Novice: 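One structure is given below, represented as structure tokens, and several questions about it will come after.
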2 protein chains.
Amino acid sequence: MAKTKRILKWQRDPEGMRLRILEAAKAEFAAHGLAGARVDSIAKNAGANKRMLYYHVGNKEDLYLEVLEGAYEKIRAEERGLDLEHLEPPEAIARLIDFTWNYFIRNPEFLALLNTENLAKARHLKRSTKVKSMHSPFVEMIRTVVTRGVESGDFRVAVDPVQLYISIAALAFFYLSNSATLSVIFGRDLLSKDARDERLEHMIALVLAALTGKSIAAFGKSKAPKLQVTAQQAV
Amino acid sequence: MAKTKRILKWQRDPEGMRLRILEAAKAEFAAHGLAGARVDSIAKNAGANKRMLYYHVGNKEDLYLEVLEGAYEKIRAEERGLDLEHLEPPEAIARLIDFTWNYFIRNPEFLALLNTENLAKARHLKRSTKVKSMHSPFVEMIRTVVTRGVESGDFRVAVDPVQLYISIAALAFFYLSNSATLSVIFGRDLLSKDARDERLEHMIALVLAALTGKSIAAFGKSKAPKLQVTAQQAV
DNA sequence: GGGGAAATTAACCCGTTGGATAAATACTGT
DNA sequence: ACAGTATTTATCCAACGGGTTAATTTCCCC
């Protein structure tokens, strides 16, 4: 064992390399869009060589699609863990809003990637086999909550779960995705802690007030637990 | 006057040329983003040549900023014509939603441009002198409506007009801007006539139900006048 | 311990793109 | 008719950017 300790110029690590490439690609595509992303920049940030991208994943568009699919998989996986079934319907909706909001805050690249894909008119997503099947379970989950809410008398309406989900996503997504321009226009920092707390309360109050028709004093799951907010104050 | 009828190879039309350039640039930036836009393509679609872009406007980024400023000016101008002052507050809100929705539908490039600018973290907008001042009047207009609504008893809450405006814009913007990916995911065509009508009703019902706490049978300004919708059905 | 596939590097290729320049030509108001 | 302005045509170019080729290194299995 008295071998000469060879100095390795590099180590083999295909899985790790692949992950680093996808991570760097996600950041690059999110920061600059598909057209603005630079393959060389991805390689460098992955601590790799441009050749590696093509070796492990494929060309720029393959890379992009894989990043996009990964992003969808990630949020759907977390959504599955939400477990809204055994919450009171209003609480379940509040939790859904809270989760969506915080997921978007924690994963700003997700927003940028979706915008990029929509600029491309979902051209890549349409080609994806993985993504299409991932969503129906989640819609059913929301439908169940709404149905339970109507039966229990908590909700006065049977909302289309797709409309409801889109609205919840919209309230969070637009605010965060467009915070840069909105902050300039309104002359406020919309991403400050206070502004974010205020927004979350506003969204929950808006949706729950519409669904229940009541003021919502103690739905609890708000990220600002100190403030006991009523719909009167917070919509 | 027996002049030779000269055959003109081209006409002078600096203003027209400038407009065509900006129009073509708007389409190009909206379709491909800032990085994806091609200066040569803009020139061709403007019926001009590349030299003219630089002669009349400037480089690519100057061109982009001018397009962006023009887009903001246009929507603010139309908003000023909304004239919400002498409507009943709930009707005023419904009209605002209706207008916002239809403006976005009529001007899809506006949505794409905003997304592009947010991808750039509002880098260009921050440099713009024109845009910053254009917005406060509009917020005041909404504040007035809300205040009137609270005083008249129509609204049970004094909403922050900025939050309200962002929410209204969000409900419309996200749906339309992301319609490509959402349509794939939910397996529906979200841009069909029926789907659009349904969405508009949903948005109005959601916001007005939250503000008024009542069912909203006849707020009238909906684009689907045949359907007399109650909040019960439409949220 | 060595052969060979797998992983990685380094170097190169070549079309594209934004931008600049020069010169010629045509138009239009005065 | 003239002068200044608008427009075209032609060309250039340097940087960039996606993609490829060939050589090199590593490491696993026999």
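Scope of the values below: all heavy atoms of this structure, side chains included, with no hydrogens, waters or symmetry mates. These numbers were taken from a predicted model, which means no experiment stands behind them. The chains referred to below are lettered A, B, ... by the order of the sequence lines, with proteins before strands, and numbering in each begins at 1.
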Novice: Tell me: CG of B/L63 to P of C/dG18, nearest whole Å?
Specialist: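 Spelled out: CG on B/L63 to P on C/dG18 is 11 Å.
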Novice: Which whole-number value in Å describes the distance from B/E15 CD to C/dG29 C1'?
Specialist: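 Atom-to-atom, B/E15 to C/dG29, this comes out as 14 Å.
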Novice: So, OP1 or OP2 of D/dA6: does either fall under 4.0 Å of a side-chain N or O from B/Y55?
Specialist: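 B/Y55 to D/dA6 OP1/OP2: side-chain N or O found under 4.0 Å.
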Novice: Do the rings of A/F104 and A/F173 sit parallel, tilted or perpendicular, given the 30° and 60° boundaries?
Specialist: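 Ring orientation of A/F104 relative to A/F173: perpendicular.
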Novice: Assess whether salt bridge (Lys or Arg N to Asp or Glu O under 4.0 Å) is satisfied between A/D197 and A/K193, documenting all intermediate values.
Specialist: CA-CA 6 Å; A/D197 290 345; A/K193 180 76 171 72; 2.9 Å; yes
Novice: In residues 20-33 of chain A, what residues come within less than 4.0 Å of DNA chain C, judged by heavy atoms?
Specialist: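 Within this stretch, nothing sits under 4.0 Å of the strand.
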Novice: Return yes if some donor-acceptor pair links the side-chain N/O of B/K60 with the main-chain N/O of B/A37 below 3.5 Å, else return no.
Specialist: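 Looks like yes, one N/O pair under 3.5 Å.
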Novice: Find the distance B/M52:CE to C/dA26:P and express it as a whole number of Å.
Specialist: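 That distance rounds to 15 Å.
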Novice: When you measure from the side chain of A/D98 to the backbone N and O of A/A94, does any donor-acceptor pair fall under 3.5 Å?
Specialist: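 Here the side-chain-to-backbone pair does not exist.
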Novice: Expressed as a whole number of angstroms, how long is the span from B/M17:CE to C/dA26:P?
Specialist: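 Taking atom P of C/dA26 as the reference, CE of B/M17 is at 16 Å.
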Novice: With the sugar-phosphate defined as primed atoms, P, OP1 and OP2, and the base as all remaining atoms, what B/S/- string results for nucleotides 15-24 of chain D, 5' to 3', for protein heavy atoms under 4.0 Å?
Specialist: --SBBBBB--
Novice: Below 4.0 angstrom from OP1 or OP2 of C/dA6, is there any side-chain N or O of A/H56?
Specialist: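 False: A/H56 side-chain N/O out of range (4.0 Å or more) of C/dA6 OP1/OP2.
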Novice: In terms of side-chain heavy atoms, does B/T181 have a donor or acceptor partner in A/E117 at a distance below 3.5 Å?
Specialist: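 No - no donor-acceptor pair under 3.5 Å links their side chains.
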Novice: Could you tell me whether A/F174 and B/F174 have their ring centroids closer than 6.0 angstrom?
Specialist: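 Ring centres of B/F174 and A/F174 not closer than 6.0 Å.
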Novice: Give a yes or no answer on whether the side chain of A/E28 reaches the backbone of A/R38 with a donor-acceptor pair at less than 3.5 Å.
Specialist: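 A pair under 3.5 Å: yes.
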Novice: Using atom types as modelled and distance alone, determine if a side-chain donor or acceptor of B/K132 lies under 3.5 Å from a backbone N or O of B/K126.
Specialist: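 Yes; judged by distance alone, with no hydrogens or angles, the pair exists.
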